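Here is the naming used below: chain letters follow the sequence lines, and residue numbers restart at 1 for every chain. The model shown is predicted, which means the values in this text are computed figures rather than measured ones.
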Number of protein chains: 2
Amino acid sequence: MASQRDVAKKAGVSFMTVSRVINKKINVDENTRQKVLKAIRELGYYPNVLGRGLNRNKTEAIGVVIPTCSHLFSTQYYLELLRGVEQYCAIAGYGMLLYPARDDSGMIDYQKLYQERRVDGMLIIAPPVKDDQLKIIVKKKVPFVVLDGHQAGSSDKRIVFVDADNRGGASEAVQYLIDQGHKKIAHIAGWKTVANGRDRLFGYKSTLKKNGISHKDDYIREGDFTEITGYYKMKDLLGLKDRPTAVFAANDLMAIGAIRAVQETGLGVPGDISIVGFDDIPSAKYSNPPLTTVHQMTFQMGFEAVKLLIENILQDKWAESRVMETKLVVRESVKSL
Amino acid sequence: MASQRDVAKKAGVSFMTVSRVINKKINVDENTRQKVLKAIRELGYYPNVLGRGLNRNKTEAIGVVIPTCSHLFSTQYYLELLRGVEQYCAIAGYGMLLYPARDDSGMIDYQKLYQERRVDGMLIIAPPVKDDQLKIIVKKKVPFVVLDGHQAGSSDKRIVFVDADNRGGASEAVQYLIDQGHKKIAHIAGWKTVANGRDRLFGYKSTLKKNGISHKDDYIREGDFTEITGYYKMKDLLGLKDRPTAVFAANDLMAIGAIRAVQETGLGVPGDISIVGFDDIPSAKYSNPPLTTVHQMTFQMGFEAVKLLIENILQDKWAESRVMETKLVVRESVKSL
DNA sequence: TTGTATGCGTTATCAA
DNA sequence: TTGATAACGCATACAA
């Protein structure tokens, strides 16, 4: 593969001139510039980022750590997040190195990922809640941003994050159900090891409390964000003696699974059971009935997160974290009592 | 960040000894080895792949080109593919560099992607059918594998690919409908610019022909693989004077959209219209009614493709392409006439 | 405007 | 068993 030396030889100049042309320095004669460009074209030369990275000590690439754990990864939601990430990377001209993080490996050695491939920063998507490794890279001053994994209140203040207002969104959903006259409200929760699962549960509990409704442990079922567990947890809830009249699911997939469970039992949504989801994934609009859910700006979150990260890298400053607004989208899966 | 030199100084040896320890060479005294390992641990040293890559002329990373075009990227199907890709990369210890390829940029300069970041090979997912750039990297001997984008019959023989038997699968689906007594069979096709869209269309047409059924242009509607176009194309089909009794959709998402359209019109699936999909995504099993569809081994395809690619890279041989079997999964969305 | 020397971190090769 | 030297491709600093 052609290097600057080859180009230089072909153009009859020194390789430094080639380097200057590539880096668009001004101090190079237009004639020689043309000669060099011609040689570059003819040889199909492209700069080698290894050499450049070694020299400049940066690679113009970021590492993206994404949870492969179980089914999370195959969720529309994470894809949408990734699309936002990808978009900003493309705009900024940054490469994306994917680090799928398996849950079975226990701890993730972010430091290693960072150092080995010499990425300029790390985007860490949905890290486990208990993640001492994060503290290590804070101390080592590795530039990183946490996307979708900030547990409100409990986090290290020095950690920059981008996340939806999970507590607020959950609260809005539950308050809506209460306002529609519901009192027996169950919750199909997300994984406790994931921050947004915990935050949405928190929003659920605190809103009940604020409205003077005591929560029943029976009414809280932990799922894993997949449609299938939504289905089974709903079946469980339907089997209760004192059946809830409404269910708030921690995400849309589980809500859709829950709807199916209700309908299969011969009951109706929202006739017999009202259901609210979270995320507003594309299919929420098209489910039957259309799902009332908490909309979050998923794509924008991914986009913002990388923007923040790259700004941090370039300006070497401490960016502000961002909590993105959520908004309840009322469709047809809730009946007022 | 610590380099081999730093480790060497700390351990009181030369940096070559450090290099040897890292590369697990045998010719190093156990005592010195322990000293070095201790220093490595204390300094938090990790090898710098830039330096190594520059020297060895390989990076142990592959480039994954994936279509961001429109909505394709956010499809469960591609995620499943990616999971397989990721899995084998993890096993082989290879890094994954993601190159999202926008359709608006026209041609994709694979050569550039390959050379710039010095990946060891490229996995090209669902390239545009007319892709002259592919021929270029064939000529330049860039190791690459095409995943899910091989148009049966028409491709350059030297291109290694992994794909499902799209023609065969489509054929099986349509034959099944015919065997159930259907004659008026429509097709909601995928994008023509994507090979599997074309191949499934081909399977549809050829199977009708084989059974002596002439195809009507009215009965072929081109969608873009999303649920929403499935919905609209089905509405169009329902509006025809001579309504079809069965529809073969080029993927499950469109099939699910189509089911919704039928049901919204007050008709039933499979009562009034039978529907068959392709892919067998998770939600196919849970749709209402459960979708009869062509199962393909999506995860395994991703896995196999990388396996092939990495074998090619390591052994510098010309691997065989693989066509993966498909299998019709009969559920409840087809009625026999 | 252009060219030369140097070093980034690593490994291959040869010498001790 | 260990160490010295050169080279990979590039860009910075300095010299011509």
Side-chain angles (χ1 to χ4, degrees), chain A residues 1-37 39-40 43-61 93 95 111-120, chain B residues 1-37 39-40 43-61 93 95 111-120:
Chain A
M1 260 176 293
S3 73
Q4 286 185 356
R5 280 190 156 73
D6 303 315
V7 176
K9 203 188 292 172
K10 181 144 198 153
V13 296
S14 94
F15 63 87
M16 260 320 295
T17 307
V18 177
S19 177
R20 271 188 276 261
V21 170
I22 288 168
N23 292 288
K24 300 196 183 18
K25 304 278 181 178
I26 31 161
N27 49 345
V28 49
D29 185 77
E30 182 58 23
N31 269 334
T32 38
R33 212 178 73 87
Q34 289 304 332
K35 269 194 302 186
V36 170
L37 287 176
I40 286 178
L43 288 172
Y45 166 82
Y46 293 101
N48 179 336
V49 291
L50 299 182
R52 175 180 290 169
L54 205 51
N55 181 287
R56 291 212 270 220
N57 201 27
K58 56 180 182 168
T59 54
E60 311 224 310
Q111 182 69 28
K112 178 183 173 194
L113 302 178
Y114 175 67
Q115 262 183 246
E116 267 192 352
R117 299 254 176 215
R118 285 301 196 271
V119 288
D120 295 345
Chain B
M1 263 176 291
S3 72
Q4 286 184 357
R5 283 192 152 73
D6 303 315
V7 176
K9 202 190 292 175
K10 181 145 197 150
V13 296
S14 93
F15 63 86
M16 259 321 295
T17 306
V18 177
S19 176
R20 271 189 275 261
V21 169
I22 289 168
N23 293 289
K24 301 195 180 21
K25 305 277 181 178
I26 28 160
N27 49 344
V28 49
D29 185 79
E30 182 58 23
N31 269 334
T32 39
R33 211 177 74 86
Q34 289 304 333
K35 270 195 301 184
V36 170
L37 286 176
I40 286 178
L43 286 172
Y45 166 84
Y46 293 102
N48 180 336
V49 291
L50 299 183
R52 175 179 291 169
L54 203 52
N55 182 286
R56 291 214 269 222
N57 202 27
K58 56 180 182 167
T59 54
E60 310 225 310
Q111 182 69 26
K112 179 183 172 193
L113 302 177
Y114 174 67
Q115 262 183 248
E116 269 192 351
R117 300 254 175 215
R118 286 303 196 271
V119 289
D120 294 344

Between B:V28 and B:R33, what is the shortest heavy-atom contact and its length?
CG1-CD, 4.1 Å
If I take atom NZ in residue A:K24 and atom C1' in nucleotide C:dT1, what distance separates them, rounded to the nearest angstrom?
19 Å
Under 4.0 angstrom, heavy atoms only, what part of the nucleic acid is A:K58 near: base, sugar-phosphate, or nothing?
nothing
In the structure I gave you, are the side-chain heavy atoms of A:T59 and A:V49 within less than 4.5 Å of one another anywhere?
no
Please report the distance, rounded to the nearest Å, between CG in A:N27 and P in D:dA16.
18 Å
If the cut-off is 4.0 Å, is B:K25 near the phosphate of C:dT11, judged by side-chain N/O to OP1 or OP2?
no
Compare all side-chain heavy atoms of B:L43 with those of B:K10 and state whether any distance is below 4.5 angstrom.
yes
Considering only heavy side-chain atoms of B:M16, the closest of D:dT2, D:dT12, C:dT13 is C:dT13
Numerically ordered, the residues 7-15 of chain B set in heavy-atom contact under 4.0 Å with DNA chain D is B:V13, B:S14, B:F15
Calculate the interatomic distance between B:R5 atom CZ and D:dT5 atom C1'; express it in whole Å.
11 Å
Report yes if a donor N or O on one partner sits less than 3.5 Å from an acceptor N or O on the other, where the partners are the side chain of A:R118 and the base of C:dG9; otherwise report no.
no
Starting at the 5' end of DNA chain D and moving along, which residue's nearest nucleotide shows up first, B:T32 or B:N57?
B:T32
Please report the distance, rounded to the nearest Å, between CZ in B:R117 and P in D:dC8.
23 Å
Starting at atom CD of B:Q34, determine the distance to atom P of D:dT1, rounded to an integer number of angstrom.
15 Å
Could you tell me whether A:N23 contacts a base, only the sugar-phosphate backbone, or nothing, with contacts defined as non-hydrogen atoms closer than 4.0 Å?
sugar-phosphate
Counting only non-hydrogen atoms, which of residues 45-56 of chain A are less than 4.0 Å from DNA chain C?
A:L54, A:N55
To the nearest Å, give me how far apart CE (A:M1) and P (D:dG9) are.
9 Å
side-chain N/O B:S19 vs C:dT11 OP1/OP2, d < 4.0 Å
yes
Using a 4.5 Å cut-off on heavy atoms from C-beta on, say whether the side chain of A:V21 contacts that of A:T32.
no
side-chain contact (heavy atoms from CB on, under 4.5 Å) partners for B:F15, two or more places apart:
B:Q4, B:R5, B:A8
Which pair of heavy atoms, one from A:Y46 and one from B:Q115, lies closest together, and at what distance?
N-NE2, 3.7 Å
With heavy atoms under 4.0 Å as the rule, sort A:D29 into base, sugar-phosphate or nothing.
sugar-phosphate
When every non-hydrogen atom of B:L113 is compared with those of B:V119, the smallest separation belongs to O-CG2, 4.4 Å
Here the pair of heavy atoms bringing A:D120 nearest to A:E60 is OD2-N, 2.7 Å
Would you kindly compare A:R20 and B:R20 by the position of their nearest DNA chain D nucleotide and give the one closer to the 5′ end?
B:R20
Here the distance between atom C1' of C:dT2 and atom CG of A:N31, to the nearest Å, is 14 Å
Flag the pair A:R118 / B:N48 as yes when at least one side-chain heavy-atom distance between them is below 4.5 Å, and no otherwise.
yes
Given 3.5 Å as the limit, does a donor-acceptor pair link the side chain of A:N23 with the main chain of A:S19, or not?
yes
How is B:T17 classified with respect to the nucleic acid when contacts are heavy atoms under 4.0 Å: base, sugar-phosphate, or nothing?
sugar-phosphate
Taking atom P of C:dT10 as reference, at what distance in whole Å does atom CD of A:E116 sit?
11 Å
